[in-house]
Amino acid sequence: MNVLLPAPCVQILVPLVLENPLTGTKCIVDAKVDTGSFATVISKITADRLGLEPFTTDWVELANGDAAQSEVCMCRVHLSEDLEMLDLPIYVMDSDSEQALMGMDVLSLGDFSATHHETSDGIHWTRFSFRLLNNVSMV
């Protein structure tokens, strides 16, 4: 995954391709890269669109410190155009936004970086790069 974003940016959003591993239904969502989140999180709207069924529920701590219960579904996450993908538990939260969070469950499986660039004509960009580590089992 390699994404160029206008800089300075307060958050890094990357396109994330999600797939229901049972049906093959796919969708693309904007995902905020969130090193403070232990898990990848999608909205209930996205989970319903994919037809994901929860296999359990779990308690999570929200950014404000409150606890909330979340459904957990298995989802296939496509990480690059090179067919890198993982099946992993995804947390589902009620939200008015379809924006997802890409958490440390994914980020810890690879090398990622965000670097600032400036073009010769003065345009600022942030480049986000992500590559799975060689020892990670892919689907």
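- Rounding to the nearest 0.5 angstrom, the gap separating the CG atom in L88 from the CE atom in M74 is 6.5 Å.
- There is no path of hydrophobic side-chain contacts, each under 4.5 Å, that joins L109 to L101.
- Going from atom NZ of K26 over to atom OG1 of T23 covers 10.5 Å, rounded to the nearest 0.5 Å.
- Both M104 and I90 are assigned to one and the same hydrophobic cluster, defined by single-linkage of ILVMFWY side chains at heavy-atom distances under 4.5 Å.
- A side-chain contact (heavy atoms from CB on, under 4.5 Å) with K32 is found for exactly one of L16, L13, V14, namely L13.
- Of the possible polar contacts, one joining the D105 side chain to the T40 backbone as a donor-acceptor pair under 3.5 Å is found.
- Atoms CE and CZ, from M85 and R76 in turn, are 6.5 Å apart once rounded to the nearest 0.5 Å.
- For the atom pair CZ (F38) and CD (E61), the distance works out to 9.5 Å, reported to the nearest 0.5 Å.
- At a threshold of 4.5 Å between side-chain heavy atoms, the hydrophobic network of Ile, Leu, Val, Met, Phe, Trp and Tyr places I42 and V106 in one connected group.
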Worked verdict on I45 versus S95 for side chain to side chain contact (heavy atoms under 4.5 Å, CB included)
CA-CA 8 Å; I45 297 166; S95 173; over 6 Å; no
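- Note on Y91: it does not cluster hydrophobically with V29, by side-chain heavy-atom contacts below 4.5 Å among ILVMFWY residues.
- Contact between F55 and C73 at its shortest, heavy atoms only, is CE2-C, 3.8 Å.
- Taking hydrophobic clusters as Ile, Leu, Val, Met, Phe, Trp and Tyr residues chained together by side-chain heavy-atom distances below 4.5 Å, L62 shares a cluster with V72.
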Going through the checks in order, is the side chain to side chain contact (heavy atoms under 4.5 Å, CB included) test met by M93 and K44?
CA-CA 6 Å; M93 300 296 290; K44 181 77 171 134; over 6 Å; no
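- The two residues P21 and C75 come nearest to each other via the heavy atoms CD-CA, 4.0 Å.
- A 6.0 Å sphere centred on CG of D94 holds no more than 12 heavy atoms belonging to other residues, nucleotides or ligands.
- The only member of L18, T46, V17 that meets side-chain contact (heavy atoms from CB on, under 4.5 Å) when paired with I28 is V17.
- In this structure a side-chain-to-backbone donor-acceptor pair under 3.5 Å is present from S70 to V92.
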